[in-house]
Each structure stands twice: as structure tokens, then as C-alpha cells.
Amino acid sequence: MADQVKISKRDRIAVWWRSTFIQGSWNYERMQNGGWAYSLIPVLKKLYKTKEDRAAALKRHLEFFNCHPYLASPILGVTMALEEDRANGAPVDDVAIQGVKVGMMGPLAGIGDPVFWFTVKPIIGAVAASLAMTGNIMGPIIYFVAWNVIRMAFMWYTQELGYKAGSKITEDMSGGLLQNITKGASILGMFILGALINRWVVVKFTPVVATNKLAKGAYIDWSNLPSGTAGIKEALIQHSHGLALSATKVTTLQDNLDLLIPGLAALLLTLLCMWLLKKKVSPIILILGLFVVGVVFHVIGLM
Amino acid sequence: MQLNMIQIILVVIVSFLAGMEGILDEFHFHQPVVACTLIGLVTGQLVPCMILGGSLQMIALGWANIGAAVAPDVALASVASAIILVLGGDFGAKGRASALAIAVPLAVAGLLLTILVRTITTGIVHIMDAAAKEGSFRKIDMWQYIAISLQGLRIAIPAALILAIGAGPVSSMLKAMPSWLTDGLALGGGMVVAVGYAMVINMMASREVWPFFAIGFVLATIKSLTLIGLGAIGLAMAMIYLALSKNGGGSGSGSGGSGETNTGDPVGDIIDDY
């Protein structure tokens, strides 16, 4: 094909810079979607010239997206490559692009949190803070420079890596590789969504459904412990043997639900939201409604 | 101590930057060790503010935005505590301690402002949807900048308020906020995440992939499985499913190969795969 449109290095640098602002329009409905579309604009502008194509591309990239902000870079790279192929006539449909995005974002977010938030940041932060507390100006400077050098380098190289890997996907169209990846990505995506709903949607009910008296010997008899530290030691030993801390066992509604399966309430809430969304209830109403429910249920003691 | 007009403007600008970064999480202007130092720099109290920043940084080491959850608002805590320290004029250990004591409840109260802005931006992405229908890149850009600016104002306005009314009324105002409201909103914040997931599922779900959702949900109850571990399991299952559904025919070289070399390293596997 003579009229191939290619993404230049300049376009990729523009996307890399824009992806710095990917969380700028973070919202409860589709999370990083606005920032995602904003980041890809230099590439979309290059690839699509007609109003219809541009509108379709923007709509496609305003779908739900949420990842660790730095780990979004490799996904941006892959997506750029897919868009490039699509603009040049390869049969890459919306579902394939969405599948790749959703399939990659869960696991990659799972890498970014422990690596950046729980490893790199505390280490640099602790070094910088200890310098700053002694009045050494190098503390803040080291923090700012080290953090941003690591971040910018990581985002650029993983974006390039994603772009190069993504170009290969559509080369092998006849082998059905893309269909496999789409299906694989939606399997992975659904699997991860199941896990995320269990871990990240928090619904807790506090009402007490039962208060049972425990048999003597099943709890620590605080009045008969030796005094002083010997008593603390004895209590800890008894506790580690499985003795309860008090003479009554309190069972809350949440405990009963957790006996069925932890996270059940979160799952039911999600299914309810899905059903309401299908009934064309606006997501904004749902979001505001859930905040109201949170406050009301808390006040009446249900949560 | 009193600040002159230029210093006040500079403090508000620093607050604006910190507010943007509190959500972007990129340059990290909002981290105490940077934000407090910058406030110190523009108010001429560099060293005391930097020491305050160091102390607050230690408190905030583990705070992180994960998923849809936002950690206590370190941007507001940094900016407000530094301003209170400077206004109070006591740069000794006692002044720092009282500035820190106000900073932590402010960090929690700041969450409310974050929730507010994130709800407003939900409206903004709907405006973006309309701009997308017109294929207008310029409008998407513009609304993205507006959304970021709102996040900046989220900290800049409270900072300006503290400058205007002084430190005393701020802490009494905080005490007046009822706990049922803050706790209830926090509970709501834990639930609204479900709306986003529900939208994706509505888009992706088909009869073929529902079983994997169920497996993911059940496996997530095993608390010792990390998200990376879950990712590896999901990836492996997707590969097994694809390999089995191929009926011994096709080529599909990519996925078969990495299935055998699945080392629990999903990045490697994903990269090999794509």
C-alpha cells in the first residue's frame, strides 16, 4: 500500500508527555477514560482525517479505563500499534482494542502498586525525609529528581516496548492470532474483574445478629491471670491456643455473609448496578445514590 | 508572621501544583518533602518548612492511591501544615508538632474534596462524550485541562482560605464536621467502585467468559494471592482455554509457547504474548 500512515517518533513522544496527565479527569464512572483519550490524541490526529473516523476513534477511547498511571504506558504503546494497523486497513475491531486494554490493565496495575507505591516511593521518601529533617536541602532535591527520572524513563521505554510488540500482533492475521488474543484478553479481563470486585468493592454491614455466651475454658479468664507482665504473657499464650478474648461471641450480619463467601455483598451490589445500567439508569445517579446510601445506612447503624 | 501579596500569590500557585499532583501522581509536587519545602521557599522559611516536610513524609510513607481508593489527602496536609507553621511563627519543635497535629485530620477531610471533584469530573467526561461525537480533539483537550485545574483548585482554594482566616478557625471548623457524615461518605466511596466495574462487565460479558468471572471472584477470597498471582492464573487459564478450543489444528505459535514458560511473571508473559 502506498498511502500507509505511520506513527512517527515525534507522535510517540507527544503521547508519552500527554500520558503524564492521564489521571487529570479521573472520575467515578469511567475512571481514567478522559485522560486516556487525551493521551492518544496526537496519534489519532495523525491516523484519522475525516470527522466520522475521528469521532469513532474518540468514542472508542472514552470507554472505561483504569490502571496504575505509569503502567498505562505499555498499554498505550500496544493500542497505538493496533490503531495504526486499523487505520491502514487491518480488520482490528473495537472489541479487539477494548479487550487488549481491559485484559492488560488489571495485571499491570497489580505490578505498579507494589513496585512504585510500596517499594520505590517509601525507599526514596525515607532517604529524602531523613535528610530533610536534619535541614539538608538535598533531601527534597534528591526526592524530586530521582523520582521523576525513574518515572519518565520507565514510561518512555515501556511505551516503546508496547508499540513494538503491538505491531507484530496484526502481522499474523491469517493465523487467527488476533482473535485468540481478543478472546484470551476478555477471559483474562473477566477473571480479573471477578477478583477486583471481591477485593476493591467494600460493603460492610455492622448489625449484630447474635451474641452467644461461650463455655468456660473457651475464653481467657482475665480475672485469674497472674499480675504484671507474666499475666500478659499468659494471656498471649492462651490466645495463641485459640481462646477467645471475651466471654461472649458477637456475630454480625457481615460475619454471616462472609461464611457464605467473602465479598458476596460486593458481588450483589455490582450485579444490581449492571441491571440498573441496563435499565438505562444514569451512572451519575447511581454514584450519588450510593453516597447517600452510605451516609443513611451509617446513621441508622446498618453499616 | 505576615506575608506580603507576592508571597501569598506564590503560596497559592504552589498549592495549585500540589493539588494537581495529588491526583496525577506523576511529578510528586504534592509529597510533603517537596510541597512543604516549596512553601518554605516562597515564604522565606525554607529550613523550618523542609524539616516539617521531612516529618510529614515519614508519616505518609505508605499512603498510596490504589485502584479507585484515594489515600488521605497528602497534598492538603502538606500545604496546610506548612502554611499554618509559617503563619503561627513558632518554628521550634512545638510549632511543628501542632502544625502536624492539624495536618493529619486535614488529610482525611481533604478526601471529601477529592470525592467532590471526582464526582464533578464524571459530568466532564459526559461533555467529552459530546465532543467526541463531533470528532473535536480541541474540546477534549480543553475539558481535560479544566478537569486538571479543578484538582488544582481543590487545594489552592483551601490554602487561600487558611491564608485569609488564619490557623485558629481552621482547626475548630474541622472539629465541627460530624463524624457520621465523613464516615458515611467513606462507606459510599467504598461502594461506588462497583458502578465502574458494572459498566465494563456489561460491555465484555458473554456466555463463554462468565465462568472465568466466577473463578476470579472465588480465588480473590484467598487473601494471600496477590494481584500478580491472580494475573498469572488468569493468563494461564486463558491460554489453556485457547489451546483446548483450537481442536488440534491452528498455528497460534505465540500463546502456546509462553504457556509452557509461564514463570509467574505476567509482564514477561504478556510481552511475549503480544
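Just so we're clear, the structure is a prediction, and the values are computed from it rather than from any experiment. All chains are named by letter (A, B, ...) in the order of the sequence lines, taking the proteins before the strands, and each is independently numbered beginning at 1.
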Going from [atom1] on [X] to [atom2] on [Y], what distance comes out if it is rounded to the nearest 0.5 angstrom?
X       : Y       : atom1 : atom2 : value
I141(A) : M50(B)  : CD1   : CE    : 9.0 Å
I192(A) : F212(B) : CD1   : CZ    : 12.5 Å
T119(B) : F291(A) : OG1   : CZ    : 5.0 Å
D129(B) : R30(A)  : CG    : CZ    : 4.0 Å
S25(A)  : L150(B) : OG    : CG    : 10.5 Å
H298(A) : W180(B) : NE2   : CH2   : 9.5 Å

Which answer fits [X], side chain, backbone, both or neither, if we ask what part of it has an atom under 4.5 Å from a heavy atom of chain B?
X       : answer
D258(A) : neither
Q98(A)  : side chain
S130(A) : both
E52(A)  : neither
L44(A)  : both
S39(A)  : neither
L131(A) : neither
L264(A) : backbone

Please evaluate residues E26(B) and Y70(A) with respect to the criterion side chain to side chain contact (heavy atoms under 4.5 Å, CB included), reporting the C-alpha separation (whole Å), side-chain torsions for both, the decisive distance (0.1 Å), and the verdict.
CA-CA 8 Å; E26(B) 303 271 349; Y70(A) 309 165; 3.5 Å; yes
May I have the step-by-step check of side chain to side chain contact (heavy atoms under 4.5 Å, CB included) for T121(B) and W26(A), ending in yes or no?
CA-CA 7 Å; T121(B) 41; W26(A) 203 106; 5.8 Å; no
When only pairs under 4.5 Å are counted, which of [options] shares the most heavy-atom pairs with chain A?
options                            : result
A132(B), S149(B), A238(B), G53(B)  : A132(B)
A194(B), A147(B), P211(B), A131(B) : A194(B)
L52(B), L46(B), V117(B), V125(B)   : V125(B)
I215(B), I115(B), I124(B)          : I115(B)

Go through the steps for Q23(A) and Q151(B) under the test side chain to side chain contact (heavy atoms under 4.5 Å, CB included), then give the verdict.
CA-CA 10 Å; Q23(A) 306 217 86; Q151(B) 295 288 3; over 6 Å; no
Restricting to non-hydrogen atoms, name the atom on [X] and the atom on [Y] that form the minimum distance, rounded to 0.1 Å.
X       : Y       : result
L277(A) : A198(B) : CD1-CB, 3.8 Å
A129(A) : G54(B)  : CB-O, 3.4 Å
V33(B)  : A132(A) : CG2-CB, 3.7 Å
G125(A) : Q57(B)  : O-CG, 3.8 Å

For a side chain to side chain contact (heavy atoms under 4.5 Å, CB included) with M128(B), tell me which candidate from N33(A), N27(A), L58(A), L62(A) qualifies.
L62(A)
Considering only heavy atoms from C-beta outward, does the side chain of [X] approach that of [Y] to under 4.5 Å?
X       : Y       : answer
W147(A) : V34(B)  : no
I261(A) : F217(B) : yes
R18(A)  : D141(B) : yes
L24(B)  : T20(A)  : no
K121(A) : H28(B)  : yes

Among L286(A), T270(A), I41(A), residue most engaged with chain B (heavy-atom pairs, under 4.5 Å):
I41(A)
Top contributor to chain B interface from V293(A), I197(A), L276(A), V203(A) [non-hydrogen pairs under 4.5 Å]
I197(A)
Tell me, side chain or backbone of [X] under 4.5 Å from chain A's heavy atoms, or both, or neither?
X       : answer
L230(B) : both
V218(B) : both
S136(B) : backbone
L38(B)  : neither
I240(B) : neither

Within the 6.0 Å centroid threshold, strictly below: Y145(B) and Y38(A):
yes
F144(A) ring center near F27(B) ring center (under 6.0 Å):
no
Check whether any side-chain N or O of Q144(B) sits under 3.5 Å from a backbone N or O of F21(A) as a donor-acceptor pair, and report yes or no.
yes
Would you say the side-chain atoms of R54(A) pair up with the backbone N or O of F137(B), donor to acceptor, closer than 3.5 Å?
no
T37(B) and I137(A): CA distance, side-chain angles, deciding distance, side chain to side chain contact (heavy atoms under 4.5 Å, CB included) verdict:
CA-CA 9 Å; T37(B) 308; I137(A) 187 69; 4.1 Å; yes
Just wondering, are more than 12 heavy atoms of other shown residues or ligands nearer than 6.0 Å to CH2 in W210(B)?
yes
